[in-house]
There are 2 protein chains.
Amino acid sequence: MITPESFFRALSDGTRLRCLLLLLAEDAICVCEFVHALDLSQPRVSRHLGHLRDVGIVTTERRGQWMYYRLNRELPTWARDVLTAAFQAEGVRDLRQRLASMPNRPSISCN
Amino acid sequence: MITPESFFRALSDGTRLRCLLLLLAEDAICVCEFVHALDLSQPRVSRHLGHLRDVGIVTTERRGQWMYYRLNRELPTWARDVLTAAFQAEGVRDLRQRLASMPNRPSISCN
DNA sequence: TAATCATATACGGATATCCATATATAAGAT
DNA sequence: ATCTTATATATGGATATCCGTATATGATTA
């Protein structure tokens with residue numbers, strides 16, 4: 001179960017926080033997209049995403065060679081509200097822009 | 001300035017989180033009241049409250065020998081919203097009850 | 001001034017966190 | 001099977017965090 005303490009601990013790292021703010025804007029994102037948008041090393045992104053999955057904040061879905069991450073649909077309301085509130089504080093627009101500007105961005109079919 | 005990252009880092013500790021949830025319900029609380037409500041050692045509470053003050057989340061006001069802590073009135077909206085959302089998750093009622101049940105509770109005149 | 005109550009800080013040690021680098025796994029593609 | 005791309009994990013070291021205990025500061029009272 002996800003508690004306020006474990007949830008805030010997960011948000012206390014800049015890398016994880018930015019991943020989540022991206023996921024609030026985009027439905028599903030794969031690791032290489034995070035790497036491009038955040039301009040960080042692949043192991044670093046992967047490790048932090050794995051942490052978010054272990055805590056139960058995100059879920060994963062493999063699509064071929066790509067691993068897609070999305071916000072856990074069963075995230076409690078209060079947790080989603082916390083993210084939405086944090087979203088109001090940040091200039092995430094440039095983040096989203098860098099995600100959109102990725103060349104050869106893999107596409108996920110939505111179903 | 002207070003950023004989402006520094007804010008969430010401050011909330012990532014159980015002691016600090018519970019202090020803040022108490023402050024969301026009660027206007028101003030002094031250290032010995034926190035100690036009673038949380039049943040923790042005085043240095044531990046004081047250290048965490050000091051941290052919250054350093055980050056700018058709470059402000060202090062000395063009243064005689066008592067040091068009162070309150071939420072920073074200038075806390076940005078998004079931060080207050082985060083706390084309010086977290087408040088929805090927790091059974092803070094027992095916390096508040098333990099605060100109310102403190103014997104010889106010092107009183108602060110509100111002005 | 002001395003004694004007391006409330007609060008803050010200093011110190012050391014245990015543990016946790018984070019990173020870069022290297023390597024392992026897993027799924028295509030040739 | 002081999003090669004390439006995508007992702008995950010292991011290792012070791014640097015740094016941060018947290019705690020209990022002891023002590024310092026500050027206000028109040030006797």
Side-chain angles (χ1 to χ4, degrees), chain A residues 3 5-20 22-23 28-55 57-70 99 102-109, chain B residues 3 5-20 22-23 28-55 57-70 99 102-109:
Chain A
T3 67
E5 187 173 346
S6 67
F7 187 63
F8 287 127
R9 178 165 291 276
L11 300 198
S12 70
D13 176 86
T15 300
R16 291 193 295 269
L17 180 59
R18 290 193 290 165
C19 287
L20 288 174
L22 272 176
L23 282 176
I29 307 178
C30 73
V31 179
C32 63
E33 291 174 314
F34 283 112
V35 167
H36 178 272
L38 304 178
D39 192 31
L40 296 173
S41 75
Q42 179 271 321
R44 180 166 166 179
V45 168
S46 180
R47 185 161 22 89
H48 284 292
L49 287 172
H51 181 191
L52 289 174
R53 183 185 48 193
D54 292 346
V55 185
I57 299 178
V58 302
T59 58
T60 57
E61 176 188 353
R62 182 174 276 283
R63 287 288 176 108
Q65 35 185 176
W66 296 281
M67 187 70 82
Y68 279 88
Y69 287 79
R70 51 163 48 92
L99 177 58
M102 178 175 177
N104 292 78
R105 191 167 169 213
S107 66
I108 185 174
S109 57
Chain B
T3 67
E5 187 173 348
S6 68
F7 188 63
F8 287 127
R9 178 166 291 275
L11 300 198
S12 71
D13 175 86
T15 300
R16 290 192 294 269
L17 181 59
R18 291 193 290 162
C19 285
L20 288 174
L22 272 176
L23 283 176
I29 307 178
C30 73
V31 179
C32 63
E33 291 176 315
F34 283 112
V35 167
H36 178 271
L38 305 178
D39 192 29
L40 296 173
S41 74
Q42 179 272 321
R44 180 165 166 181
V45 168
S46 180
R47 188 157 20 89
H48 283 292
L49 288 172
H51 182 190
L52 290 174
R53 183 186 44 193
D54 292 345
V55 185
I57 300 178
V58 302
T59 58
T60 57
E61 176 189 353
R62 183 175 274 284
R63 286 288 174 108
Q65 34 186 176
W66 294 281
M67 186 69 83
Y68 278 88
Y69 286 78
R70 50 163 49 93
L99 176 59
M102 179 176 177
N104 294 78
R105 190 166 169 213
S107 65
I108 184 174
S109 56

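So you know, we letter chains A, B, ... as the sequences are listed, proteins then strands, and number each from 1. Every heavy atom of this structure was used, including side-chain atoms; hydrogens, water molecules and symmetry mates were not.
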Fill in the blank from the handout: Each nucleotide of nucleotides 16-23 of chain D classed B (base within 4.0 Å of a protein heavy atom), S (only sugar-phosphate) or -, in 5' to 3' order, makes -SSBBBB-

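Between the OH atom of B/Tyr68 and the C1' atom of D/dA27 there is a distance of 14 Å, given to the nearest Å. We find that CG of A/Leu49 is positioned 13 Å from P of C/dC18, with the value rounded to whole Å. Taking atom CG of B/Leu38 as the reference point, atom P of C/dT7 lies 13 Å away to the nearest angstrom. Distance, A/Glu61 CD to D/dA6 P: 18 Å, rounded to whole Å. Taking atom CE of B/Met67 as the reference point, atom C1' of D/dT25 lies 11 Å away to the nearest angstrom. When rounded to the nearest whole Å, the span between CH2 of A/Trp66 and P of D/dT4 equals 17 Å.
For the pair A/Tyr69 and D/dA6, the criterion of a side-chain N or O lying under 4.0 Å from OP1 or OP2 is not met.
Looking at residues two or more places apart in sequence or on another chain, you find no ring pair (Phe, Tyr, Trp, His ring centres under 6.0 Å) involving B/Tyr69. Contacts of A/Phe34 classified as ring pair (Phe, Tyr, Trp, His ring centres under 6.0 Å), with partners at least two apart in sequence or in another chain: none. With sequence neighbours excluded, the residues that form a side-chain hydrogen bond (donor to acceptor under 3.5 Å, both in side chains) with A/Arg70 are A/Asp27, A/Glu61. A/Ser41 meets the side-chain hydrogen bond (donor to acceptor under 3.5 Å, both in side chains) test with no other residue; sequence neighbours excluded. Checked against side-chain hydrogen bond (donor to acceptor under 3.5 Å, both in side chains), B/Thr60 has no partners two or more places apart in sequence or in another chain. Applying the side-chain hydrogen bond (donor to acceptor under 3.5 Å, both in side chains) test to A/Arg105 and every residue at least two apart in sequence or in another chain returns A/Glu26, A/Glu33.
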Practice task
Give the C-alpha distance, both sets of side-chain angles, the deciding distance and a yes or no for side chain to side chain contact (heavy atoms under 4.5 Å, CB included) between B/Leu52 and B/Leu23.
Solution key: CA-CA 12 Å; B/Leu52 290 174; B/Leu23 283 176; 5.8 Å; no

Between protein and nucleic acid, restricted to nucleotides 25-30 of chain C and to nitrogen or oxygen atoms under 3.5 Å apart, what atom pairs and distances do you find?
none

Exercise answer: donor-acceptor pairs, residues 9-16 of chain B side-chain atoms, under 3.5 Å, sequence neighbours excluded:
residue: B/Arg9; atom: NH2; partner: A/Ser12; partner atom: O; Å: 3.3
residue: B/Ser12; atom: OG; partner: B/Arg9; partner atom: O; Å: 2.7
residue: B/Asp13; atom: OD2; partner: B/Thr15; partner atom: N; Å: 2.9
residue: B/Asp13; atom: OD2; partner: B/Arg16; partner atom: N; Å: 3.1
residue: B/Thr15; atom: OG1; partner: B/Arg44; partner atom: NH2; Å: 3.4
residue: B/Arg16; atom: NE; partner: B/Ala10; partner atom: O; Å: 2.7
residue: B/Arg16; atom: NH1; partner: B/His48; partner atom: ND1; Å: 3.0
residue: B/Arg16; atom: NH1; partner: B/His51; partner atom: ND1; Å: 3.0
residue: B/Arg16; atom: NH2; partner: B/Arg9; partner atom: O; Å: 3.4

